Every structure is written in C-alpha cells, then in structure tokens.
Number of protein chains: 2
Amino acid sequence: MDKKSKSLSKNQKIVLDFIQKNKKPVKAYSILSNVQKKGINAPPQVYRALDKLIEIGKIHRVESQNSFVACKISNCNTPHKTVFSICNSCEIVSEINDPKLFKNLKDFRDKDGTVFDGYNLEFFGTCKSCKNKQIENTKH
Amino acid sequence: MDKKSKSLSKNQKIVLDFIQKNKKPVKAYSILSNVQKKGINAPPQVYRALDKLIEIGKIHRVESQNSFVACKISNCNTPHKTVFSICNSCEIVSEINDPKLFKNLKDFRDKDGTVFDGYNLEFFGTCKSCKNKQIENTKH
DNA sequence: AAAAATTTGTTATATTATAACACTATACTC
DNA sequence: GAGTATAGTGTTATAATATAACAAATTTTT
Ligand SMILES: [Zn+2]
Ligand SMILES: [Zn+2]
Ligand SMILES: [Zn+2]
Ligand SMILES: [Zn+2]
C-alpha cells in the first residue's frame, strides 16, 4: 500500500462515503442518522471521523452552516485553505478554485506584516439555477 | 433625534455595551451571564439583541468561533462585509480594513459570472504579541 | 511479543441556538 | 389622541451542535 495515504478506518470510510454521496454539505447529526444502519451509534463516532477527515483534507467544514462537504479540488489528499460560494436560496455550496484569488489571499499581509498561515472565505449569493427560477416566477 | 439612527432598545444597549467593553469576541452565554444583573434572564433575550445588532452593523459574528465582536470600522452604522484576522494562540480578533483586498473581493466573479452580494473572510495566524512571547520562551 | 498509538463504543454532559406564546412599549396613520 | 401596526420583552421549554471521560479493541511500530 501507498505509504502516504494510510487507509481510512472503518468509521472514517463510512462517514466520508456519506459526505461524498451528497452534493450539498451535510450536518453532523444528519450523517449520524444516515449511518446508524452501518453501526455508528453516537455523536462522538461521527465527530471523530469528521475531525480526522478534515485534518487530512478529504472534507471541509462550512463554518457559517456548521456543515461538512467533500473536497472537490485536486485529488483530495492534502489539507488546504478554502474558498466557498454559498447560495442564499438553496444553500448549495461550491468550492472555488481560482488561482488569482488564491494568490491575492496568500500574499495578503496585515498592517503589522503578519503572515497568515490559513484562511477561510465564504462568498454568499444566488446560484445560477436559483436565479433562473426567480426569473421564471416573475413571469407568471 | 436623527431619523436614520433609531435608538437602540434597552436590551440591545445592554448587550452592545458589554460587547464593546471587550477587546476579544464574546460568546452568547458569556454575554448572558455577564448581563444578568442588568435584568436579562434568558438566552432568547441575548440572541434577539445580537440578531438586531448584527443586522444594523454594530457587531459582527465570528463564524469560526461562534462569537461576537463590535465593529471597529467607520462609525459602525452600516452593515458590511467582514475580514478578520484571528490569532491561533490567543484568539484575539482584529477587523481588517484593507481597500485593495476589499476591491479584489468585491470584483470577484466565479466561473458562471455570478456576482456575490456578501462574503466573510477569516485569516488565521499568530499575532505579533503572541509571536514575541514565543520568541521569549525559546530563549530560556 | 511487547509497547505505543490509534480507533472504537458508550454514557453523560456541555455549549449554542430557537420555538412558541402571552404581554408591553413604541412608532405611524388618520 | 384613538386605533393600529411594528418591534421589543419575558418566560418556559426544547432543539441542534459538540465534547469529556473512560474502558476496550485494533493497528502499527519496535
Ligand atoms: Zn478542498
Ligand atoms: Zn441556489
Ligand atoms: Zn465592521
Ligand atoms: Zn495572539
């Protein structure tokens, strides 16, 4: 087996699997109730798996929603800083991968010259599909 | 009285006062326990005040901390998008006011060309004072 | 195989936030 | 200024999110 990618534990796999199956971010207790049939019985089992999956970069936490989403960038085996767009209407979340924006953020220094080792950025707006629906509705 | 700045209600004033007195962000239940002597007895009274204060821009919510901090920019009477720097070590939070960064964020469009109407950005690092302390400690 | 590190299972509890409802104060309209 | 709409209050109960603590089992390293 590949040295770097130590395989995931049973619970970690179950939790990751469920998160990856969902297009939208999922909440911890929703994960719990959906994986109980697989033998995960209590919150700590879910939260531990989440912590680990975040640590290794397989998933990210969407801070403003207390929810969790699979990483869509690269081959998902390095933790990294995140930029999300979040639809105010349907709450769908997309991970943004914009080199120029990343560079701006990476290079940012505050007044003291402090170098930051991480960031989290969430954009809020109306996604294309929701915007179209709104336009549809005004027609009637 | 000034038309625009309708004065705050009693509970709103009490909560804002407490938040403004603190350099660091404060948690809802810490606010509660600290203002009980002023007649605020239960969580909903705090959360309602917080909601209103956020809505009018007097305070901001620090998403990654579930905490609340007074706005330090302008005269605090317009809600606005936020950029914070958060110290990993002492958890102190500063509101960043950097026109160039603001412009970059304001102008950002995703692949679909979606225009975002809001964002929240949190930078994580070690503040100057904590960094100095760390250097101090390695000397001994 | 022994020791160390990680993961698991479990119970209980802490922390953060909202629902629901009756009531009061304030602002707005005529 | 009476009537009405809007916003705020006080209260109880409960929902939703997250962690502490501890014993047992598993996996990895030595
Ligand atoms: Zn990612
Ligand atoms: Zn949408
Ligand atoms: Zn501000
Ligand atoms: Zn610090």
Side-chain angles (χ1 to χ4, degrees), chain A residues 1-19 22 24-56 58-69 91 93 120 122, chain B residues 1-19 22 24-69 79 91 93 120 122:
Chain A
M1 198 193 304
D2 173 352
K3 252 185 244 164
K4 228 175 183 177
S5 67
K6 236 179 32 186
S7 70
L8 297 173
S9 79
K10 182 187 139 233
N11 288 359
Q12 288 159 10
K13 266 183 215 145
I14 293 171
V15 170
L16 177 58
D17 241 52
F18 179 73
I19 296 175
N22 282 273
K24 289 192 193 181
V26 286
K27 304 235 166 193
Y29 277 72
S30 154
I31 297 171
L32 177 57
S33 65
N34 279 281
V35 298
Q36 285 195 316
K37 52 200 162 204
K38 307 221 169 177
I40 291 183
N41 309 306
Q45 297 175 290
V46 173
Y47 280 102
R48 282 174 192 146
L50 290 172
D51 286 348
K52 186 67 182 198
L53 293 168
I54 289 169
E55 191 191 320
I56 63 177
K58 294 284 186 188
I59 65 169
H60 303 299
R61 195 187 142 87
V62 184
E63 294 294 352
S64 64
Q65 293 190 338
N66 302 325
S67 65
F68 305 87
V69 69
E91 305 208 315
V93 169
N120 177 58
E122 300 180 2
Chain B
M1 196 194 305
D2 174 350
K3 252 186 243 166
K4 228 173 181 177
S5 68
K6 239 182 27 191
S7 70
L8 296 172
S9 78
K10 181 188 139 233
N11 289 357
Q12 288 159 10
K13 266 182 217 146
I14 293 172
V15 170
L16 178 57
D17 242 51
F18 179 73
I19 296 174
N22 282 272
K24 288 192 193 181
V26 286
K27 303 234 165 195
Y29 278 73
S30 152
I31 297 170
L32 177 56
S33 65
N34 278 282
V35 298
Q36 285 196 317
K37 53 202 161 206
K38 306 221 169 173
I40 291 184
N41 310 307
Q45 295 174 293
V46 173
Y47 280 102
R48 283 174 192 145
L50 290 173
D51 286 348
K52 187 67 184 195
L53 293 168
I54 289 169
E55 191 191 319
I56 64 178
K58 294 284 186 190
I59 66 169
H60 302 299
R61 195 186 143 86
V62 183
E63 293 294 352
S64 64
Q65 294 189 336
N66 302 325
S67 66
F68 304 87
V69 68
E91 305 208 314
V93 169
N120 177 58
E122 302 180 2

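Per chain, numbering begins at 1; letters A, B, ... match sequence-line order. Given the structure is predicted, the values throughout are model-derived calculations rather than measurements.
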Exercise for the section: Calculate the interatomic distance between A:Leu8 atom CG and C:dT8 atom C1'; express it in whole Å. Expected result: 15 Å

Completion exercise
DNA chain D nearest-nucleotide lookup for B:Asn66 and B:Tyr29: closer to the 5′ end is B:Tyr29

Completion exercise
From CG of A:Asp51 across to P of D:dA20 the rounded distance in Å is 10 Å

Handout entry: Phosphate OP1/OP2 of C:dT8 contacted by A:Ser9 side-chain N/O (<4.0 Å)
Key = yes

Exercise for the section: Pull out every residue in residues 31-50 of chain B that has a heavy atom closer than 4.0 Å to any atom of DNA chain D, ordered by number, or say none. Expected result: B:Asn41, B:Ala42, B:Pro44, B:Gln45, B:Arg48

Problem - Any side-chain heavy-atom pair of A:Leu50 and A:Ile19 under 4.5 Å - result: yes

Handout entry: Presence of B:Lys27 side-chain N/O under 4.0 Å of D:dA18 phosphate oxygens OP1/OP2
Key = no

Exercise for the section: Check whether any side-chain heavy atom of B:Asp17 lies under 4.5 Å from a side-chain heavy atom of B:Val35, and answer yes or no. Expected result: no

Exercise for the section: Check the distance between D:dG8's C1' and B:Ile14's CD1 and give it to me in whole angstrom. Expected result: 13 Å

Exercise for the section: Would you mind reading off the bend of the helix from C:dA1-D:dT30 to C:dC30-D:dG1 from its two end axes, five pairs each, to 10 degrees? Expected result: 50°

Practice task
Might you point out which heavy atoms bring A:Leu32 and A:Ile40 nearest each other, and give the distance in Å?
Solution key: CD1-O, 3.8 Å

Problem - Residue pair A:Asn66 / A:Arg61, side-chain heavy-atom distance below 4.5 Å - result: yes

Problem - pair B:Asp51-B:Glu55: side-chain heavy atoms closer than 4.5 Å - result: no

Handout entry: Over all atoms of both residues, closest heavy-atom pair of A:Glu63 and B:Ser64
Key = OE1-CA, 3.6 Å

Problem - A:Lys52 side-chain proximity, nearest of D:dT9, C:dT7, C:dA17 - result: C:dT7

Problem - Contact under 4.0 Å: B:Arg61 side-chain N or O vs C:dA17 OP1/OP2 - result: yes

Exercise for the section: Report yes if at least one side-chain N or O of B:Asn11 is closer than 4.0 Å to OP1 or OP2 of D:dA7; otherwise report no. Expected result: no

Exercise for the section: Check for a donor-acceptor pair, side chain of B:Gln36 on one end and backbone N or O of B:Ser33 on the other, with a separation under 3.5 Å. Expected result: no

